[in-house]
Amino acid sequence: MHKPQIKKPGKNLTKSFFNRSVLEVAPDLIGATLLVDGVGGRIVEVEAYHHTEPAAHSYNGPTPRNAVMFGPAGYAYIYRSYGIHWCLNFVCEPAGSAAAVLIRALEPTEGLPLMRRRRGLPDPRLLCSGPGRLCEALRVTAVHNGLALDAPPFALFAKPEPVEIAVGVRIGLTKAVDKPWRYGEKGSRFLSKPFPET
DNA sequence: TGCCCGATTAACT
DNA sequence: GTTAATCGGGCAA
């Protein structure tokens, strides 16, 4: 009689969600839920990249590594960072824009024991607070490069309610350092770095 | 072919 | 605050 209710964090995100300006999609992702094989949490920090600015991997045109960025919206672009870490991006805008959103931090909600084991650290704040960290916690690697975001192993749900957004400059760059294309949930304790107070 | 450096992290002092 | 770890992309030669 009582129907077991799967509590969805929000409505499923489709490819059309990503087929917009990367500067609209990026803040819209704050508060959305990202799961990989059922493990993940709420997105609390992202950065936008676009081929027209020199900080983007796509700035110098297509290569084997960044090919996915030049494809259609709604797919995962994954690259190796500093020879050590993996970083996860969502491709946005019509094919050829080579625009993407880097997922920088999650608030862990699903599969915490598994994430703790993968990370080897008990502190929930250190599970997904950084692009390399969250890829390790969700076990995202090159095998996910080019996969659609609206099909397993990915699951994405829109934010169920509005979120207060903080804006700042992107982290770890030497080029185009002044663009305010970093977005986060204001006051979140799961950011890779705090946003400077206004 | 060789060289430099990066959308990072953790373990140091 | 500093630095080692570690490797593929991109460019010069």
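Values reported hereafter were calculated over all heavy atoms of this structure, with side chains retained and with hydrogens, waters and symmetry mates removed.
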| request: Have a look at A:Arg170 and say if it touches a base, only the backbone sugar-phosphate, or nothing, with a 4.0 Å heavy-atom cut-off. | output: nothing

| said: Hydrogens and angles aside, do A:Thr33 and A:Arg42 bring a side-chain donor and acceptor to less than 3.5 Å of each other? | reply: no

| query | Whole Å only: how far is the NE2 atom of A:His85 from the C1' atom of C:dC7? | reply | 12 Å

| query | Does A:His57 have its ring centroid less than 6.0 Å away from the ring centroid of A:Tyr49? | reply | no

| request: With a 3.5 angstrom cut-off on both distances, give the Watson-Crick or G-U wobble partner of B:dC3, or none if there isn't one. | output: C:dG10

| query | Between A:Glu45 and A:Arg182, does at least one N-O distance fall below 4.0 Å, as a salt bridge requires? | reply | yes

| message | Measure OH/A:Tyr77 against C1'/C:dG8 and give the value in whole Å, please. | response | 11 Å

| field | C:dG8 and B:dA10, which share atom name C1', separated by this distance in whole Å | value | 22 Å

| query | For atom C1', what is the distance between B:dC5 and C:dT3, given to the nearest Å? | reply | 16 Å

| Verdict with supporting geometry, A:Glu47 and A:Arg170, salt bridge (charged side-chain N to carboxylate O under 4.0 Å, His left out) | CA-CA 7 Å; A:Glu47 285 175 0; A:Arg170 296 175 292 182; 5.4 Å; no

| request: May I ask you to say what A:Arg182 touches in the nucleic acid, namely base, sugar-phosphate or nothing, with a heavy-atom cut-off under 4.0 Å? | output: nothing

| Contact summary for A:Val25 and A:Val101, nearest pair of heavy atoms | CG1-CG2, 4.4 Å

| task | Remember a base hit wins even if backbone is also touched, and classify A:Leu173 as base, sugar-phosphate or nothing at under 4.0 Å, heavy atoms. | result | sugar-phosphate

| task | Report the distance from atom CZ of A:Arg65 to atom P of C:dG9, rounded to the nearest whole Å. | result | 7 Å

| Salt-bridge criterion met for A:Asp123 and A:Arg116 (N-O under 4.0 Å) | no

| query | Taking 5' to 3' order, which nucleotide of DNA chain B is first and which is last to have an atom within less than 4.0 Å of a heavy atom in chain A? | reply | B:dG6 to B:dA10

| request: Rounded to the nearest angstrom, tell me the gap between atom NE2 in A:His57 and atom P in C:dC7. | output: 18 Å

